[in-house]
Amino acid sequence: MAKVLTCRKEDYAQWYNDLVIKADMAENSVVRGCMIIKPYGYAIWEKIQSELDKMFKATGHSNAYFPLFIPKSFFSKEANHVEGFAKECAVVTHYRLKNDPEGKGVIVDPEAKLEEELIIRPTSETIIWNTYKNWIQSYRDLPILINQWANVVRWEMRPRLFLRTTEFLWQEGHTAHATREEAVDETLKMVDLYARFAEEFMAMPVIKGTKTEFERFAGAIDTYAIEALMQDGKALQSGTSHFLGQNFARAFDVKFLDKTGKLDLVWATSWGVSTRLMGALIMAHSDDNGLILPPRLAPIQVVIVPIYKGSGQLKDIGNTARKIRKDLEYRNISVKYDDRDIYKPGWKFAEYELKGVPVRIAIGPRDIENLTVEVARRDTLEKVTIPQDKITDHIQNLLTEIQENIYNRALNFREKNTHYINDYEEFKDLMEKNGGFVLAHWDGTSETELKIKDETKATIRCIPLDSPEEEGKCIYSGKPSKKRVLFAKAY
RNA sequence: CGGGGUGUAGCGCAGUCCGGUAGCGCGCGUCGUUCGGGACGACGAGGUCGUGGGUUCAAAUCCCGCCACCCCGACCA
């Protein structure tokens with residue numbers, strides 16, 4: 001088969017780039033760092049959105065929409081928050097263009113300067129808390145459980161398709177609560193929800209944990225995250241949920257009267273996942289032939305390819321194909337029958353493998369004669385011949401099996417690449433060679449964390465929630481430690 | 001911002017050293033033969049050579065300036 005992708009072994013980053021483009025998911029735009037999400041890529045994002053949205057609603061959240069522009073002054077209200085985002089904000093200073101008097105196209109009209117600059121949201125805490133101030137007076141107004149689907153802009157130094165783009169799509173939940181406990185519960189509930197989504201829909205095992213002070217969200221008391229291991233041994237932070245304490249309520253003066261008539265600041269959380277999940281999905285499962293999509297997120301779950309000579313054969317095959325499609329669609333399986341005459345079967349096989357379609361059915365004259373079809377699965381590339389009257393059940397079971405198989409494969413990979421390390425030399429050696437997850441003891445100081453980062457490029461991805469209490473010594477400083485933390489090189 | 005590289009047809013590139021008709025592969029269009037793992041033939045369309053200046057009879061090619069993009073680092077969902 002003709003190679004369209006760079007091999008993973010040869011150059012993992014190049015393989016990723018090739019795949020995103022060749023599978024027709026996205027391309028770079030004329031604006032540096034901003035991508036064009038193409039229909040096939042967007043269809044996957046829509047599946048992600050749709051499933052998450054159902055989960056948010058099932059946990060009591062509603063969608064709303066807040067503005068793209070945020071007054072500059074809002075960013076000075078929460079000190080840590082501005083420090084975290086100031087370096088990467090796009091700023092709107094003018095609101096009008098005019099023809100260049102010297103005839104060189106258009107220029108920014110200097111007379112149309114804004115009194116106060118507007119910041120294109122890098123995240124919406126500030127404008128949302130400024131709004132919540134007007135919505136909240138009493139404990140009866142709480143909780144507020146809102147999510148928004150939006151685009152945000154962060155002026156990153158080095159963009160990569162899906163993984164780190166200047167503009168990206170995401171959802172951001174922003175909730176307001178009467179008590180600390182309730183807000184903490186919400187934070188945990190949402191990180192659990194993300195983990196469940198990653199594992200059940202993306203077939204991607206994740207580790208839940210809290211971030212260290214150094215890695216924490218700007219303005220948060222606690223940041224919880226899900227971390228996944230990619231095939232090149234690097235970690236990808238795939239979702240975060242922040243307990244914001246009363247920081248934003250304090251910054252925007254959002255108070256409420258409790259049942260006893262006492263005035264108190266409101267407790268906050270925020271949580272989000274972004275189009276970065278697309279990158280995670282690609283890197284968690286795919287191979288040198290292309291994308292491998294989990295059936296639960298694949299826009300096309302089954303493709304039917306006819307193999308024929310002449311229009312007579314195509315007609316018989318078409319009738320069989322359409323009947324199979326109808327039976328599968330009846331069970332809510334999405335099916336594409338590709339009878340385009342401009343491409344040969346071999347071309348189509350390669351194309352749908354590149355695009356990660358979980359199951360392919362091929363029907364040729366041989367099958368018409370024998371009342372069979374050929375079924376190929378994308379995850380293992382295995383092909384079997386199945387009687388036509390068994391096909392619907394077979395496909396339905398196969399989709400479930402593929403979903404489980406790619407999850408287990410990713411889980412096995414992670415287990416093989418998760419190491420318990422007690423020796424710093426061993427740690428350095430591992431980070432240099434294979435990467436992967438390392439569980440090691442840490443003395444809890446940012447100083448040690450930073451030194452390890454400088455020396456090995458590995459960072460503390462999280463302090464895993466399920467990490468057991470255990471007496472140990474910090475891998476770097478030798479000071480006592482009670483818990484292992486998760487180290488990895490990260491995206 | 002530091003280091004490296006690249007701008008030539010939709011895409012990938014050669015041509016630049018040594019100035020002289022702008023080329024190759026893929027893709028695209030028409031027609032025909034094909035079709036169980038990326039088919040083949042014939043004909044055809046398509047380029048301000050990133051940009052501004054300079055040298056020259058003549059510039060993709062030499063000289064000077066500018067711009068853009070990519071890769072490696074610091075930043076990051």
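All heavy atoms count here, side chains included; hydrogens, waters and symmetry mates do not. Numbered from 1 within each chain, the chains take letters A, B, ... in sequence-line order.
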Could you state the [atom1]-[atom2] distance from [X] to [N], rounded to the nearest angstrom?
X      : N      : atom1 : atom2 : answer
A/E156 : B/rA74 : CD    : P     : 13 Å
A/K489 : B/rC76 : NZ    : P     : 18 Å
A/R160 : B/rC70 : CZ    : P     : 12 Å
A/K355 : B/rG37 : NZ    : C1'   : 18 Å
A/R377 : B/rG37 : CZ    : P     : 21 Å
A/D341 : B/rC40 : CG    : P     : 17 Å
A/E227 : B/rA77 : CD    : C1'   : 11 Å
A/N17  : B/rC69 : CG    : P     : 16 Å

Test side chain to side chain donor-acceptor pair (under 3.5 Å) applied to A/D287 and A/R378, A/R8, A/Q231, the passing residue
A/R378

For A/P306 and A/I342, take the nucleotide of RNA chain B holding the closest heavy atom to each; which residue's nucleotide lies nearer the 5' end?
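Residue closer to the 5' terminus by nearest nucleotide: A/P306.
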
Using heavy atoms to find the nearest nucleotide of RNA chain B for A/G346 and A/A13 separately, return the residue whose nucleotide is more 5′.
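Checking each residue's closest nucleotide, the 5'-ward one belongs to A/G346.
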
Pair [X] + [Y]: ring centers closer than 6.0 Å:
X      : Y      : answer
A/F85  : A/F217 : yes
A/F252 : A/F74  : yes
A/H81  : A/W129 : no

Note: [X]-[Y] ion pair, threshold 4.0 Å (strictly below):
X      : Y      : answer
A/E374 : A/R366 : no
A/K208 : A/D192 : yes
A/E51  : A/R196 : no

Rounded [atom1] spacing from [N] to [M] in Å:
N      : M      : atom1 : answer
B/rC66 : B/rA9  : P     : 25 Å
B/rG29 : B/rG65 : C1'   : 43 Å
B/rC70 : B/rU30 : C1'   : 38 Å
B/rC26 : B/rG73 : P     : 36 Å
B/rG10 : B/rC49 : P     : 13 Å
B/rG25 : B/rU34 : P     : 26 Å
B/rC43 : B/rC11 : P     : 27 Å
B/rA60 : B/rU48 : C1'   : 12 Å

Think [X] has a side-chain N or O under 4.0 angstrom from the OP1 or OP2 of [N]?
X      : N      : result
A/K309 : B/rU33 : no
A/K344 : B/rA39 : yes
A/R158 : B/rC75 : no

Let's see if you can work this out: which of B/rC75, B/rG73, B/rC35 has an atom nearest to the side-chain heavy atoms of A/K457?
B/rG73

I want to verify a distance call: between B/rC70, B/rG37, B/rG36, whose nearest atom is closest to the A/K383 side chain?
B/rG37

Heavy atoms of other groups near A/E447 CD, more than 12 under 6.0 Å:
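12 or below, so no.
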
Could you say whether the aromatic ring of A/F168 and the base of B/rA77 stack, counting only centre distances under 5.5 Å and plane angles under 30°?
yes

Test for a donor-acceptor pair under 3.5 Å between the base of B/rC76 and the side chain of A/R164, counting only N and O atoms.
yes

Answer with base, sugar-phosphate or nothing: what part of the nucleic acid does [X] contact at a heavy-atom distance below 4.0 Å?
X      : answer
A/T240 : nothing
A/G272 : nothing
A/R340 : nothing

Indicate every side-chain donor-acceptor pair of residues 34-46 of chain A with a distance under 3.5 Å to a residue at least two apart or in another chain.
| residue | atom | partner | partner atom | Å |
| --- | --- | --- | --- | --- |
| A/K38 | NZ | A/D24 | OD1 | 2.8 |
| A/Y40 | OH | A/K355 | O | 2.6 |

Identify the pairs formed between an N or O of the protein and an N or O of nucleotides 3-13 of chain B at a distance under 3.5 Å, and give each distance.
none

